[in-house]
Structures are given as structure tokens and as C-alpha cells.
Amino acid sequence: MLRFAPSPTGDMHIGNLRVAILNYLVAQQNNEQFLVRIEDTDVKRNIEGKDTEIMMLLEKFAVIHNSVFHQSEHLNLHQTLALRLLKEEKAFVCKCTDEELEADREEAKANRVAYRYSGRCQDLTQDDYVALKESGKPFVVRLKKPTSDIINHDVIKGDISTAPNEVDAFVILRTDGTPTYNFACACDDMLSNISFIIRGEDHLSNTPKQIHIKNVLGYENETKYAHLPIILNSDGKKMSKKDSASSLKWLFEEGFVPDAILNYLLLLGNAKVAPKEIFTLPEAIEWFDLTKISKSPAKFDMNKLRFINREHLKMMDDRQLSTLFGFADADIGKLAKLYLEEASTIKELETKILPIFRPKDFTGEWGEEMRVIADLIFDAPAFDEFDTFKTYIMKKSGFEGKKFFKPLRYLLTGAENGPETSDIYPLIKSYILEVAS
RNA sequence: GACCCUUUCAUCUAGUGGCCAAGGAUAUUGCGUUUUCAUCGCAAAAACAGAGGUUCAAAUCCUUUAGGGGUCGCCA
């Protein structure tokens with residue numbers, strides 16, 4: 001069982017999406033189930049509606065899940081498990097105040113050592129828990145440190161060993177009784193029997209904690225891990241909300257299509273086994289090798305994304321492409337593809353296609369000639385072939401060379417430059433009266 | 001500061017001791033084609049982070065220095 005576990009606390013970005021895609025892809029490759037778990041344990045940060053937004057986005061990328069649930073539904077389970085650890089003395093209640101903990105941190109900082117939990121409450125017992133509960137005083141539950149190194153086998157990074165001190169005695173249940181991220185996450189992974197966890201590198205330091213939790217809960221099945229190198233912006237820093245390109249919403253607005261975004265994300269850090277650069281998700285499932293992903297962070301390259309987007313636009317069905325510009329005509333799709341030689345996104349394509357159908361400006365350098373040609377077209381019979389059309393207009397107008405082609409191009413496309421008019425004509429001839437005006 | 005990860009052209013990468021005076025793709029530049037701008041074709045420029053080892057032989061193994069990134073919450 002594989003899983004994607006987003007929190008509904010903000011807009012989904014390309015890093016999240018990459019994780020989702022890869023989990024789905026590996027599940028497909030291994031014939032395993034793929035689960036979506038909405039991690040909504042931080043009530044304050046949850047944003048209404050983000051969960052459905054995430055699900056819609058996954059659907060848009062054809063990442064199909066077998067089941068989905070909200071982590072908050074498991075509140076009772078998490079509490080029960082935490083209490084069990086308390087009873088077994090694998091965890092302890094901690095009544096340290098914020099001030100005390102803050103002082104500890106200050107001290108660690110002053111001494112230039114890493115902050116670790118002081119151990120002040122670690123000998124508190126089950127009786128203390130009962131007393132604390134009756135008194136109504138605030139307390140949290142912490143998990144005791146492991147007694148030996150935690151080793152996690154990462155299929156990308158290799159074996160990583162973590163000392164007990166690094167794992168530390170961390171909080172698993174908050175003052176309000178809700179589980180912390182690491183605890184809820186590990187419990188649910190255990191409960192769902194997740195066999196392979198693929199996530200971002202920023203979770204690397206959480207992994208020993210989560211392994212430790214599963215260990216003390218007596219979970220014996222082995223879990224494989226893969227921590228993906230993070231995606232950097234052009235400045236070489238971790239991509240964040242500040243980088244517009246990280247936002248899927250922004251990418252869609254800019255005219256990038258899902259297939260291209262997916263293709264790019266899969267290519268990033270992984271050129272090794274790809275038999276070709278342009279591919280679809282079903283194709284990638286055939287040959288993608290997660291273990292071959294590069295270990296170092298990769299910079300986001302807008303130029304490459306643009307190239308890939310162009311290639312996917314070329315592969316799109318003609319009629320379907322035309323619907324993106326408000327048509328339902330394969331010829332318009334073909335027309336758009338002609339313009340792919342100078343545009344890479346739907347947004348850029350729009351700036352080429354829409355002016356063709358808008359009223360033209362007859363006041364420019366070639367205005368006079370355009371008027372003459374437009375009048376001729378208005379009275380002319382319909383021509384199927386560009387050659388016969390061209391010959392007819394040339395003859396009737398008496399224009400030739402630049403004096404003919406420039407105004408003709410401008411009249412038909414509203415632009416000075418562009419693809420061959422001979423290629424454009426057959427695709428717009430059924431709209432010729434609207435176009436040439 | 002501590003801990004962990006990482007280091008080949010501008011960018012993504014190929015490369016697992018000899019096939020590498022390092023290959024591909026994108027981007028860039030030049031030439032050719034094109035009654036336009038482009039596309040396309042051809043070509044060019046462009047990298048093993050530094051220093052020490054090991055070896056007949058190192059991009060590849062070891063040591064070390066430097067750089068980059070991540071994480072150090074009752075956030076996820």
C-alpha cells in the first residue's frame with residue numbers, strides 16, 4: 001500500500017504533486033493500492049475546501065486513488081495508542097511549561113549545542129498521569145528516546161543511521177489531546193500497512209522518529225522509504241510559495257497543460273532510464289525507476305518546461321486543442337499547432353489565434369492595400385486552394401511581391417509575422433469573411 | 001551552531017576503474033533553407049569544485065578542504 005498524505009493548509013504546489021505522482025506510479029508498477037490521507041490534525045491551519053481542491057487536482061493529472069480519508073477521523077485511535085504507550089512506560093507525561101522549555105532552548109543556543117529535551121519529566125509515571133488529569137493542569141505526552149540507533153534504508157539516499165539523542169524525546173500528544181504530526185503519521189502508516197513511503201527530502205529527519213514510533217508500538221512489517229531531492233528555484237533555494245512557478249494554479253494560468261507538467265516533474269532528477277524526454281504517465285509506468293533518481297536537489301528550469309509543454313501541445317488532439325480557444329473545430333487546432341513554432345503555452349497561443357478573428361486595423365502602413373484585398377475577398381467566390389485564391393487576388397488587385405504578401409498576411413492574421421500564409425489559409429478559409437475584415 | 005544529505009557544461013542529466021582528450025537534451029551563438037518572424041537542417045561554444053592519495057590506469061575508490069541544500073516546534 002502506497003499513500004499520498006497532503007495537509008489541507010495551503011495551495012498544492014509542484015513538490016506535493018511530484019510526490020503524489022510518484023507514489024501513484026510506484027503503486028501501479030507494483031500492483032499495489034494507492035491511498036490518499038488528508039492530514040488535518042492542525043485544526044487552526046486547516047483551510048476550508050482545500051481537501052476537495054487537492055482531490056480535484058489529482059484527478060486533473062489522472063492520479064487515481066483507491067481510497068481517501070481524513071486523518072482527524074482517527075483521533076480516538078491515536079489517543080488510544082498514545083495511552084497504551086504511556087501505560088507501557090514507553091512514553092511519559094510532561095508538564096514542562098513553555099517558559100521552562102524556552103529557557104532550555106536559550107541555554108542550548110548560548111552554549112552552542114543542539115537543543116534536546118531536558119528529561120525533566122521523563123520519570124513521571126502512570127500515577128502522575130492520573131493525578132495530572134484530575135488536577136486539570138496542562139500536560140503533553142512525550143515518547144521516550146530509543147535505546148539504540150535507528151536505521152532507515154532509503155532507496156534513494158541509502159542507509160541512514162540516527163543516534164537516540166537525535167531522535168530525542170519528542171511530543172506525541174499535545175495539551176489538547178490531539179496527536180502531533182509524526183505520531184499521527186506513523187500510526188496511520190502502520191494502521192494502513194503502508195509498505196513504501198515516498199516523500200520529500202524535508203521529511204528525512206522525521207523518518208527515524210516515525211520508525212521509532214512504529215517500533216515501540218510493536219509494528220514488525222518493514223517499511224521502505226524514498227526521500228526525493230527537493231526542487232530549487234533559479235536562485236538555488238528551496239521552492240516556496242514566493243516562487244510563482246511552484247504554484248499549479250499559476251502554471252495553469254500561464255497556459256501549461258497537466259501532461260506537460262507531469263512529464264517535466266518526472267524528468268527532473270531522472271534522465272537516466274527515460275528512453276525519451278517526452279512521455280505520458282502510462283508510458284512512464286512502464287520504465288520509470290525510482291531508485292535511479294538523482295540524490296542532489298534539482299533546479300526548476302522554466303525553459304525546459306516550456307519545451308516540454310510545446311511538445312505535448314503538438315501531440316494534443318486537434319479538436320480538443322481548439323476548445324481551449326473557444327472553438328470546436330479540428331482546423332483551428334491545426335492552426336494553433338502552426339503557431340507552436342513561436343509559442344509554447346496556451347496563453348501565448350491565444351495571443352496569436354484570437355487576433356486572427358478580431359477586426360483588423362486598416363490605418364497602418366499597408367491599410368490601403370488591405371482595404372482593396374478585403375473588398376476583393378468579399379466579392380470573390382470560395383477558393384479551396386491557397387494557390388488559386390492567391391492568383392485570383394493578385395490578378396484582380398494588381399499587387400505583387402511584398403506589396404501583396406505583407407497586407408495579405410496582416411489582413412488574415414492581424415500580425416506582421418507568422419507561419420506561412422499558404423499553410424494558414426486552408427485552415428481559416430471557412431471563416432474568411434469574418435477574418436478578412 | 002548541531003545533525004543529516006549532496007557536488008559532471010548556464011540548466012536537467014549520461015557515466016559504477018580502461019570503450020571518456022566526458023555523451024544527450026533544453027537554452028545560447030553561427031551557417032543553410034524560408035518573398036516575413038520563426039520552425040527545420042547542419043555546426044559551434046560549454047562541465048568532472050580544489051588538494052592529496054590508492055592504481056599500470058580515476059569523473060568513477062579513499063582522505064581532506066570548499067561550496068550548495070535540508071532539518072533542528074505542542075507545523076505538516
Side-chain angles (χ1 to χ4, degrees), chain A residues 5-10 16 39-42 44-46 71 94 96 98 101-102 105 108-116 138-142 154 156-158 160-163 165-168 170-185 199-208 227 229-232 234 236-238 264 267-274 276-278 292-308 310-311 338-343 352 400-406 408-410 413 415-423:
Chain A
S7 60
T9 54
N16 301 133
E39 305 216 319
D40 56 348
T41 53
D42 186 352
K44 295 174 290 285
R45 294 211 314 155
N46 287 341
Q71 193 161 47
C94 171
C96 293
D98 285 347
L101 295 173
E102 193 48 46
R105 279 196 195 93
K109 204 171 176 183
N111 294 335
R112 299 188 153 198
V113 293
Y115 162 76
R116 291 287 114 87
F139 67 90
V140 298
V141 177
R142 281 178 190 273
D154 191 294
I156 295 175
K157 305 275 182 190
I160 299 166
S161 157
T162 309
N165 248 337
E166 296 304 318
V167 178
D168 206 13
F170 58 95
V171 176
I172 58 172
L173 232 48
R174 301 184 187 111
T175 312
D176 64 1
T178 58
T180 57
Y181 161 73
N182 275 310
F183 191 64
C185 181
R199 58 191 358 178
E201 193 176 29
D202 44 342
H203 285 283
L204 202 53
S205 54
N206 288 323
T207 304
H227 286 94
I230 53 162
I231 302 173
L232 270 25
S234 47
K237 299 285 180 195
K238 181 182 177 181
Y264 178 68
L267 200 61
L268 201 59
N270 197 83
K272 204 170 285 192
V273 280
K276 51 180 177 176
E277 282 201 309
I278 307 300
K292 296 280 167 50
I293 280 191
S294 145
K295 293 179 188 188
S296 50
K299 272 188 195 170
F300 186 87
D301 184 358
M302 185 52 94
N303 276 329
K304 194 85 174 195
L305 211 213
R306 287 172 57 80
F307 161 72
I308 290 173
R310 198 162 63 229
E311 295 302 315
L338 286 182
Y339 278 94
L340 242 23
E341 64 187 36
E342 54 191 86
K352 309 284 181 188
E400 56 186 16
K402 203 175 177 184
K403 202 179 176 185
F404 172 74
F405 286 102
K406 275 280 176 190
L408 178 67
R409 166 181 301 284
Y410 200 84
T413 68
E416 281 190 56
N417 303 312
E420 305 285 347
T421 17
S422 57
D423 290 336

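Within every chain, numbering begins at 1; the chains are lettered A, B, ... in the order of the sequence lines, protein sequences first and strands thereafter. Predicted model only: the values in this text are computed from it and were never measured.
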Could you tell me how far [M] sits from [N] if I compare only their [atom1] atoms? Round to whole Å.
N: B:A57; M: B:G32; atom1: C1'; value: 44 Å
N: B:C4; M: B:G41; atom1: C1'; value: 50 Å
N: B:G30; M: B:G67; atom1: P; value: 38 Å
N: B:A10; M: B:C48; atom1: P; value: 9 Å
N: B:U39; M: B:A27; atom1: P; value: 9 Å
N: B:A51; M: B:C42; atom1: P; value: 38 Å
N: B:U26; M: B:A44; atom1: P; value: 16 Å
N: B:C12; M: B:G69; atom1: P; value: 13 Å

Would you indicate what [X] reaches in the nucleic acid, counting non-hydrogen atoms under 4.0 angstrom: base, sugar-phosphate, or nothing?
X: A:Lys237; value: sugar-phosphate
X: A:Gly418; value: base
X: A:Thr41; value: sugar-phosphate
X: A:Val140; value: base
X: A:Asn206; value: base
X: A:Tyr115; value: sugar-phosphate
X: A:Pro138; value: nothing
X: A:Lys238; value: sugar-phosphate

Could you tell me the separation between the [atom1] atom of [X] and the [atom2] atom of [N], rounded to a whole number of Å?
X: A:Lys406; N: B:U34; atom1: NZ; atom2: P; result: 17 Å
X: A:Arg306; N: B:C12; atom1: CZ; atom2: P; result: 19 Å
X: A:Asp176; N: B:C74; atom1: CG; atom2: P; result: 13 Å
X: A:Asp202; N: B:A76; atom1: CG; atom2: P; result: 14 Å
X: A:Arg45; N: B:G73; atom1: CZ; atom2: C1'; result: 11 Å
X: A:His227; N: B:U71; atom1: NE2; atom2: C1'; result: 12 Å
X: A:Asp154; N: B:G70; atom1: CG; atom2: P; result: 18 Å
X: A:Glu311; N: B:U39; atom1: CD; atom2: C1'; result: 12 Å

Please list each protein N or O that sits under 3.5 Å from an N or O in nucleotides 41-46 of chain B, with the distance.
none

Of the listed nucleotides (B:U36, B:C74, B:G70), which one gets closest to any side-chain atom of A:Arg409?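 Looking only at side-chain atoms, A:Arg409 lies closest to B:U36.
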
Kindly give the heavy-atom pair with the smallest separation between [X] and [Y], and that separation in Å.
X: A:Arg409; Y: A:Glu420; result: NH2-CA, 4.3 Å
X: A:Ile278; Y: A:Ile308; result: CD1-CG1, 3.9 Å
X: A:Cys94; Y: A:Arg142; result: SG-NE, 3.3 Å
X: A:Leu101; Y: A:Tyr115; result: CD2-OH, 3.7 Å

Residue list, salt bridge (Lys or Arg N to Asp or Glu O under 4.0 Å) with [X], at least two apart or on another chain:
X: A:Glu416; value: none
X: A:Arg310; value: none
X: A:Lys304; value: A:Glu277

Using a 4.5 Å cut-off on heavy atoms from C-beta on, say whether the side chain of A:Asn182 contacts that of A:Ile172. no

Is the closest side-chain heavy-atom distance between A:Asp154 and A:Leu204 below 4.5 Å? yes

Counting only side-chain nitrogens and oxygens, does A:Arg105 get under 4.0 Å of the OP1 or OP2 atom of B:G1? no

Short side-chain N/O contact from A:Ser234 to OP1 or OP2 of B:U11, under 4.0 Å: no

Aromatic contact, A:Phe170 with A:Phe183 (centres under 6.0 Å):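 Here the rings of A:Phe183 and A:Phe170 have centres that are no less than 6.0 Å from each other.
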
Each nucleotide N or O in nucleotides 25-32 of chain B that has a protein N or O under 3.5 Å away: list the pair and distance.
unit_1: B:A25; atom_1: O2'; unit_2: A:Glu277; atom_2: OE1; d: 2.1
unit_1: B:A25; atom_1: O2'; unit_2: A:Glu277; atom_2: OE2; d: 3.0
unit_1: B:A25; atom_1: O2'; unit_2: A:Lys304; atom_2: NZ; d: 3.0
unit_1: B:A25; atom_1: N3; unit_2: A:Lys304; atom_2: NZ; d: 3.2

Name the pairing partner of [N], where a pair is Watson-Crick or G-U wobble with both distances under 3.5 Å, or state none.
N: B:C56; value: B:G18
N: B:C31; value: B:G41
N: B:A66; value: B:U7

[atom1]-[atom2] distance between [X] and [Y], expressed to the nearest 0.5 angstrom:
X: A:Gln71; Y: A:Cys185; atom1: CD; atom2: SG; value: 7.0 Å
X: A:Lys237; Y: A:Lys299; atom1: NZ; atom2: NZ; value: 10.5 Å
X: A:Asp301; Y: A:Leu267; atom1: CG; atom2: CG; value: 10.5 Å

Could you pull out the protein-nucleic contacts involving nucleotides 2-9 of chain B (nitrogen or oxygen on both sides, under 3.5 Å)?
unit_1: B:C5; atom_1: O2'; unit_2: A:Lys157; atom_2: NZ; d: 2.7
unit_1: B:C5; atom_1: O2'; unit_2: A:Glu201; atom_2: OE2; d: 3.3

Check whether the side chain of A:Thr175 and the base of B:C74 form a donor-acceptor pair under 3.5 Å.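 Result: at least one qualifying N/O pair found.
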
Do A:Thr178 and A:Asp176 pair up side chain to side chain, a donor and an acceptor below 3.5 Å, judged on atom types alone?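 Note: A:Thr178 and A:Asp176 side chains meet the donor-acceptor criterion.
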
Reading RNA chain B from 5' onward, which residue's closest nucleotide shows up sooner: A:Glu39 or A:Gly236? A:Gly236

Donor-acceptor pair, A:Asp40 side chain versus A:Asn46 backbone, under 3.5 Å?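 No; judged by distance alone, with no hydrogens or angles, the pair does not exist.
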
